[in-house]
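Worksheet for the structure shown next.
Being a predicted model, the structure only gives us computed values, none of them experimental.
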Amino acid sequence: MARFGHSRIADDTAPHVEGFHPDRRSLLSLGLGAALSATGLRPAQVQDYPARPIQVLVPFAGGSASDVITRILLNRMSTSLGQAFVVDNRPGAGGNIGTAAAAHAAPDGYTLLMSTSGPLAANRSLYKELPYDPLKDFAPIGLFATLPNVIVINSRLPPKSLHELIEYTKARPRELNYGTVGVGSSQHLAAAYFEQLTGTEITHVPYRNIAAYTPDFIAGQVPLGFQLLPNVIGLIRSGDARPLAVASDKRMTALPDVPTAAEAGLKDYESAAWLALLAPAGTGTAVIDKLYAAMIEAMNDPKVRTLLVEQGAEPLVMAPQGLKDFMTAETTKWAGIIKKIGIEPM
């Protein structure tokens with residue numbers, strides 16, 4: 001399990017929890033007979049779950065934003081459940097490889113998936129074929145964080161505001177390079193959406209991972225980014241990157257002085273990744289409820305929320321049904337944006 005240093009609790013306010021009530025745990029026993037009948041599990045098996053470590057497939061590289069934030073959550077959930085979570089990073093194909101592996105795992109509660117808006121929503125429109133169906137092959141457990149894209153530039157560039165960046169870019173079409181972790185990533189979609197809304201032209205430079213992108217950003221070769229905050233928070237703190245705006249409807253807790261895109265003059269520009277925990281379809285309701293209860297307990301821990309914010313995430317919890325509906329809405333949303341900005345399916 002990952003270990004994290006102690007940190008000062010900045011806020012004791014509970015995160016926004018959708019679909020959760022204080023008596024949630026009392027509901028875990030309801031419908032247990034139906035759940036056991038559907039899964040073939042005996043009551044003792046559910047009561048003893050988990051009886052061994054739980055594998056969590058993460059379809060992105062170790063050290064990535066989603067990987068780091070996931071480990072913070074799982075570290076606390078393991079305390080509640082009394083078993084370790086073993087993270088298995090399986091990157092590749094925009095997250096499709098690891099997500100597909102989880103879709104075909106046994107629905108016994110011992111193989112889970114942590115995935116994001118790409119594999120679970122946008123990839124339906126970015127790829128001609130997927131080796132899984134995000135809405136049919138998974139049983140949602142819960143959403144636990146969002147990661148708005150942050151528009152950052154190398155601090156040596158002249159623009160000091162989003163308006164100045166747009167004017168600077170319009171005067172230099174195709175000259176300004178921006179880096180992402182690949183075609184179809186949240187960074188790529190955020191940049192393409194930005195171009196479409198502002199009428200600017202910028203050049204995409206895809207990298208295999210954020211570690212390869214960072215040196216080129218610092219050197220000024222790829223001085224623009226539409227990054228998730230965990231990927232650039234160190235650069236902002238060191239002064240190498242200047243954040244100009246966040247692509248969300250409210251300011252980020254970790255960047256209280258950075259305006260939203262709307263506040264900076266660019267309306268209707270919202271782009272964010274989100275992180276969710278899921279199980280293979282067919283996993284019993286009692287197991288899902290037990291995992292969700294452990295997630296709620298973790299997210300109500302001020303230390304966990306502090307660590308998430310320090311890493312650039314916004315704590316936000318959705319219950320299983322809420323997450324399923326949200327995935328459906330996000331799939332439709334990104335299908336429309338991808339079609340509008342003209343990205344052809346791969």
Side-chain angles (χ1 to χ4, degrees), residues 59-60 65-66 93-96 99 115-130 132-135 140 143 145-152 162 165-166 169-170 173-174 176-207 224-229 231 244-250 252 259-276 313-314 316 318 322-346:
F60 304 102
S66 54
N96 291 340
T99 303
S115 199
T116 69
S117 46
L120 296 178
N123 284 5
R124 286 285 295 267
S125 297
L126 291 170
Y127 291 83
K128 294 178 180 179
E129 294 184 10
L130 288 180
Y132 59 90
D133 187 321
L135 299 176
L143 183 148
T146 62
L147 295 169
N149 292 92
V150 181
I151 303 175
V152 295
L162 184 59
L165 173 66
I166 293 171
T169 304
K170 285 184 176 179
R174 311 303 302 175
L176 205 57
N177 298 330
Y178 72 93
T180 75
V181 293
V183 175
S185 64
S186 67
Q187 300 101 307
H188 179 216
L189 294 179
Y193 193 26
F194 175 83
E195 287 183 281
Q196 194 272 330
L197 287 178
T198 61
T200 55
E201 295 180 275
I202 49 182
T203 300
H204 182 204
V205 182
Y207 290 81
L224 177 61
F226 298 79
Q227 288 292 338
L228 306 180
L229 184 55
N231 292 340
L244 300 180
V246 296
S248 63
D249 61 351
K250 62 180 180 180
M252 295 187 68
T260 66
E263 289 174 332
L266 182 59
K267 296 182 179 180
D268 301 321
Y269 183 68
E270 294 182 18
S271 176
W274 39 265
L275 282 64
E314 293 290 300
L316 172 67
M318 286 186 187
L323 173 56
K324 185 175 183 179
D325 294 341
F326 180 68
M327 286 170 57
T328 301
E330 283 285 283
T331 300
T332 301
K333 167 191 166 182
W334 282 109
I337 291 175
I338 290 167
K339 181 178 181 180
K340 190 173 183 178
I341 60 184
I343 297 179
E344 294 294 329
M346 293 177 277

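Side-chain contact between T200 and I166 is present, with at least one heavy-atom pair separated by less than 4.5 Å. Contact annotation: the side chain of V150 approaches that of M252 to within less than 4.5 Å [non-hydrogen atoms, C-beta and beyond]. V152 has its side chain out of reach of L244: every pair of non-hydrogen atoms, C-beta onward, lies at least 4.5 Å apart. Within the 4.5 Å cutoff, no side-chain heavy atoms of Y127 are placed close to those of P345. Using a 4.5 Å heavy-atom cutoff, the side chains of P206 and H204 are in contact. With a 4.5 Å cut-off on side-chain heavy atoms, Y269 and T260 do not count as touching. With a 4.5 Å cut-off on side-chain heavy atoms, T169 and I202 count as touching. Two residues are said to be in side-chain contact when any heavy atoms from C-beta on lie closer than 4.5 Å; V183 and L126 fail this criterion.
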Audit row: N177, L224, side-chain contact (heavy atoms from CB on, under 4.5 Å) steps and yes/no: CA-CA 6 Å; N177 298 330; L224 177 61; over 6 Å; no

Mind running side-chain contact (heavy atoms from CB on, under 4.5 Å) on L143 and M327 for me, showing each step along the way? CA-CA 10 Å; L143 183 148; M327 286 170 57; over 6 Å; no

Please determine whether side-chain contact (heavy atoms from CB on, under 4.5 Å) holds for the pair L197 and L266, giving the CA-CA distance in whole Å, both sets of side-chain angles, and the decisive distance to 0.1 Å. CA-CA 8 Å; L197 287 178; L266 182 59; 4.2 Å; yes

For Q196 and K340, run side-chain contact (heavy atoms from CB on, under 4.5 Å): C-alpha distance rounded to whole Å, both residues' side-chain angles, the deciding distance at 0.1 Å, then the answer. CA-CA 8 Å; Q196 194 272 330; K340 190 173 183 178; 3.4 Å; yes

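Counting heavy atoms of neighbouring residues, nucleotides and ligands inside a 6.0 Å radius, atom NZ of K250 does not exceed 12 of them. The environment of K333 atom NZ is dense: over 12 non-hydrogen atoms of other residues, nucleotides or ligands sit within 6.0 angstrom.
Atom OG of S125 is separated from atom CD1 of I337 by 10.0 Å, given to the nearest 0.5 angstrom. A distance of 12.5 Å separates CD in E129 from CZ in R124, rounded to the nearest 0.5 Å. To the nearest 0.5 angstrom, I343 atom CD1 is 4.5 Å from H188 atom NE2. With rounding to the nearest 0.5 angstrom, the OG atom of S248 is 11.0 Å from the CG atom of L147. For the atom pair CG of L120 and CD of E330, the computed distance is 10.5 Å after rounding to the nearest 0.5 Å. Here CG of L229 is found 9.0 Å from CD of E314. Values are rounded to the nearest 0.5 Å.
Taking all atoms of both residues into account, the shortest heavy-atom contact from P148 to A272 is CA-CB, 3.5 Å. Smallest separation of non-hydrogen atoms from S185 and T180: OG-CB, 3.6 Å. Taking all atoms of both residues into account, the shortest heavy-atom contact from S66 to F60 is OG-CD1, 3.4 Å. Nearest heavy atoms, L228 versus A65: CD1-CB, 4.4 Å. The two residues A121 and T331 have their closest heavy-atom pair at CA-OG1, 3.6 Å. For the residue pair A122 and I338, the shortest heavy atom distance occurs at O-CD1, 3.7 Å.
Under the 30°/60° scheme for interplanar angles, the aromatic rings of Y178 and F226 are found to stand perpendicular. Ring orientation note: the planes of Y193 and W334 are nearly perpendicular, at an angle over 60° on the 30°/60° scale.
Salt bridge status for R174 with E195: present, with a side-chain N to carboxylate O gap under 4.0 Å.
Side-chain atoms of N123 never come within 3.5 Å of backbone atoms of L130 as a donor-acceptor pair (strictly under, hydrogens ignored). Between the side chain of N96 and the backbone N or O of A93 there is at least one donor-acceptor pair closer than 3.5 Å.
Here the options are S117, S115, S186, the test is side-chain contact (heavy atoms from CB on, under 4.5 Å), and the partner is W274; only S117 passes.
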